[in-house]
Amino acid sequence: MSPISRRTLLGSAAALGAGSALGVLPGSVRRAMAASTGSGALSSVKHVVILMQENRSFDHYYGTLQGVRGFSDTSLLRFPKNSTVWNQSTKGSATGGTILQPWHLNTATTDAQQVGDLDHGWSGTHGAWNGGLYNNWIPEKTGFTMGYYNRADIPFHYGLADAFTICDQYFCSVQGPTNPNRLYQWTGMIDPNGTAGGPVTDNSEHGYSWATYPEMLQDAGVSWRVYQQADNFDDNPLAWFTQFKSASVSSPLYTNGMARVGSVKSAIAADIAAGTFPTVSWVVAPTALSEHPASRPADGADFVSGVLAAIASNQATWDSTVVFYNFDENDGFFDHVPPPTAPSGTADEFISGAPIGMGPRVPMTVISPWSTGGRVCSQTFDHTSPLQFAELVTGVECGNISAWRRQVAGDLTSAFNFGVSPVAFPTGLPNTAALVTAANNEKSLPAPKVPAAGALPAQEPGDRPAQAVDYVFNTTSWTDTSTGRIWFKTVSAGLGAAFTAYTVNDRTYAAWPYTCAAGGSISDYFSAKTYGAGLYDIDLHGPDGYLRGFQGNVLTWSNSSKAHPEAYAVDQLDGATLTLTVTNAGTVPAVFTINPNTAYLASGGTATQLTVAAGGSANATLHATSAGRYDYTVTANTGDGFARRFAGRLYGHN
């Protein structure tokens, strides 16, 4: 839990500070967007701005946004007994509870803008994660964890997502509170081995001494700055380091990292006018504008609008700037996508036997002349990703980032379309000053209350274009009759990624994490004969909704009078199809049924059948939607529950 001194004392004196931003997104931004050529390359980026806000999860803000992995997602974590991750029990993993699905924090009928914060400490977040089972949210966070907003509640945030690129697989770095996550955003780690004042798992500030990324930039002669006001909600982690605490007021560590300004947006505008806008900067909001519950999303929108106005006040600056608008952690708000975690023993990723992260998904919008058009990027990212991007821009490596993070978290270059002309910024983005006024008027409404039961909402209709991600995974499975084991193997023909296998039914519900290197592979077996009397029910989850499901009975393969079915699918690298191969190693024919499931924005289809002779095989084509999404289940007539599920998203790689 957060120490009382961290928030209570600051919050009691909080004021808006930054003032009201312009109404519609500032005309300077609209003009810049319309005038920008958008052509260029990574070398065109001269300024990287990291604007980190507070304590919101992805589903909590964007679960209903069209075209992202939200409430209509079908690559779901399954719970035992035909339940899914949406069905969170009020007793969590214990028995006897009732089910609470997501419910609407309706700002039209309640004062939901000011919903309070929930437990988001190391213990509570790990407790909700529950060893990867992801089924203990409500006991750790209360029923408010399932509350969400929609477009009507936070229209500015949705407007930005419609204009720029939103990342729907951006995870916070730590299964824990603000300070550890902000340490990742400024330094790339929390000192897991305890060599320089860490490890840091709570909001204490004992005094740390490891090298921060700003110091690395300083040593390399690269300009940098933290923009913060007198009230910075104690959200600048540099202040927790002895080298910054002891810095003289004339040193760059103090002037760039510790000094306060009267107004963040005014300071940015002044630096741009003076030609001193730095290569890398971090923006810290005052308490009331930070979006930390109970601080309101509307006030955060007003602050963000002001920062964008300042950056876009100069055409050349806008044409060379990237803004990463993200959130440090999820507070205690639910998100349905289990975060990637490292296998036990992975270097620099565990503290006292518990994984550091990643933590739940949080919002990230990439705002720049090269990320326009309302697109979605579904590569796995975390708070090391903006630093990895800054490394590419500056040539300065952040040596604190672990090898595991670099394997599974991207550098955000996939979120950009360098060389493509951007779409002009829409003129109708909501008036943030009006949103603040509306939020003020909500104060007379009753506080929201947790309902007895929620109802899974539909996402907005339609899709959004996707950024291409170099994810190419092919998974095969087989049965070892001599040991009674079911095996899988996943091979990457592109980027590396984290995977998790779940034993759902027929044995203890459990999670098994893996790391697949770029161009590498992972494999494992499950002793179905030992633990399930032959039966197995296993799901393998990877990034971007990649899912392979395995069900059946290994004893079938020891029965000479039955067919011995197997199936696998191979990405054809065209963004549209997979080739399904079904095999029968038995002595009698097998009839396979190919069932198109209801995938996100796809209504399923008609089942087809393939008859495969003993010892034979056959192929079929599995078609994805126009957006590359697919979801199929292949069954066989062996009477043992045999099924193989294939779900995910394809990108063209030819």
Side-chain angles (χ1 to χ4, degrees), residues 11 14 16 18 20-25 53-66 68 70-71 100-118 120 141-163 166 285-306 325 327 330-336 361-363 365 428-461:
L16 289 181
S20 175
L22 300 177
V24 192
L25 193 76
Q53 294 284 78
E54 283 263 7
N55 291 48
R56 304 288 179 170
S57 80
F58 188 89
D59 280 339
H60 168 67
Y61 260 18
Y62 292 115
T64 63
L65 179 68
Q66 69 176 143
V68 299
F71 292 129
L100 179 61
Q101 290 187 323
W103 57 277
H104 184 198
L105 288 163
N106 193 334
T107 60
T109 59
T110 67
D111 188 19
Q113 281 270 343
Q114 295 193 108
V115 65
D117 71 332
L118 309 174
H120 45 280
K141 312 294 184 182
T142 80
F144 275 98
T145 188
M146 305 304 289
Y148 69 89
Y149 297 116
N150 63 22
R151 183 181 294 270
D153 305 306
I154 52 171
F156 180 83
H157 297 79
Y158 274 58
L160 280 183
D162 288 344
I166 188 167
T287 304
L289 311 183
S290 68
E291 302 183 53
H292 185 297
S295 296
R296 305 176 307 190
D299 297 312
D302 206 37
F303 177 76
V304 172
S305 180
Y325 170 33
F327 289 73
N330 65 304
D331 198 270
F333 293 109
F334 174 78
D335 184 81
H336 80 281
R361 285 191 308 171
V362 292
T365 308
L429 203 72
N431 182 313
T432 58
L435 295 180
V436 171
T437 299
N440 291 338
N441 293 334
E442 284 179 27
K443 293 180 180 180
S444 62
L445 297 175
K449 294 182 179 180
V450 178
L456 187 62
Q459 282 185 238
E460 298 173 334

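In this chain, residues are counted from 1 in sequence order.
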Check: F327 ring centre within less than 6.0 Å of Y61 ring centre = yes

For F58, which residues count as a ring pair (Phe, Tyr, Trp, His ring centres under 6.0 Å) partner, sequence neighbours excluded?
-> Y62

side-chain hydrogen bond (donor to acceptor under 3.5 Å, both in side chains) partner of Y158, chosen from N150, D153, T64 | T64

Do the two ring centres, one from F334 and one from H60, sit under 6.0 Å apart?
-> no

Just by distance, with hydrogens left out, do S57 and N330 show a side-chain donor and acceptor under 3.5 Å apart?
-> no

Shortest non-hydrogen separation from V115 to P293 and the atoms involved = O-CB, 3.2 Å

Minimum heavy-atom distance W103-P451, with the two atoms named | CD2-CD, 3.3 Å

Heavy-atom closest contact (P461 atom, Q66 atom, distance) | O-NE2, 2.9 Å

Under 4.0 Å between a Lys/Arg side-chain N and an Asp/Glu carboxylate O for K141 and D117?
-> no

Quick one: closest heavy-atom pair of T110 and N106, and the distance?
-> OG1-O, 2.7 Å

Does R361 come within less than 4.0 Å of D335, counting only side-chain N to carboxylate O?
-> yes

For Y325, what residues pass the side-chain hydrogen bond (donor to acceptor under 3.5 Å, both in side chains) criterion, not counting sequence neighbours?
-> H157, E291

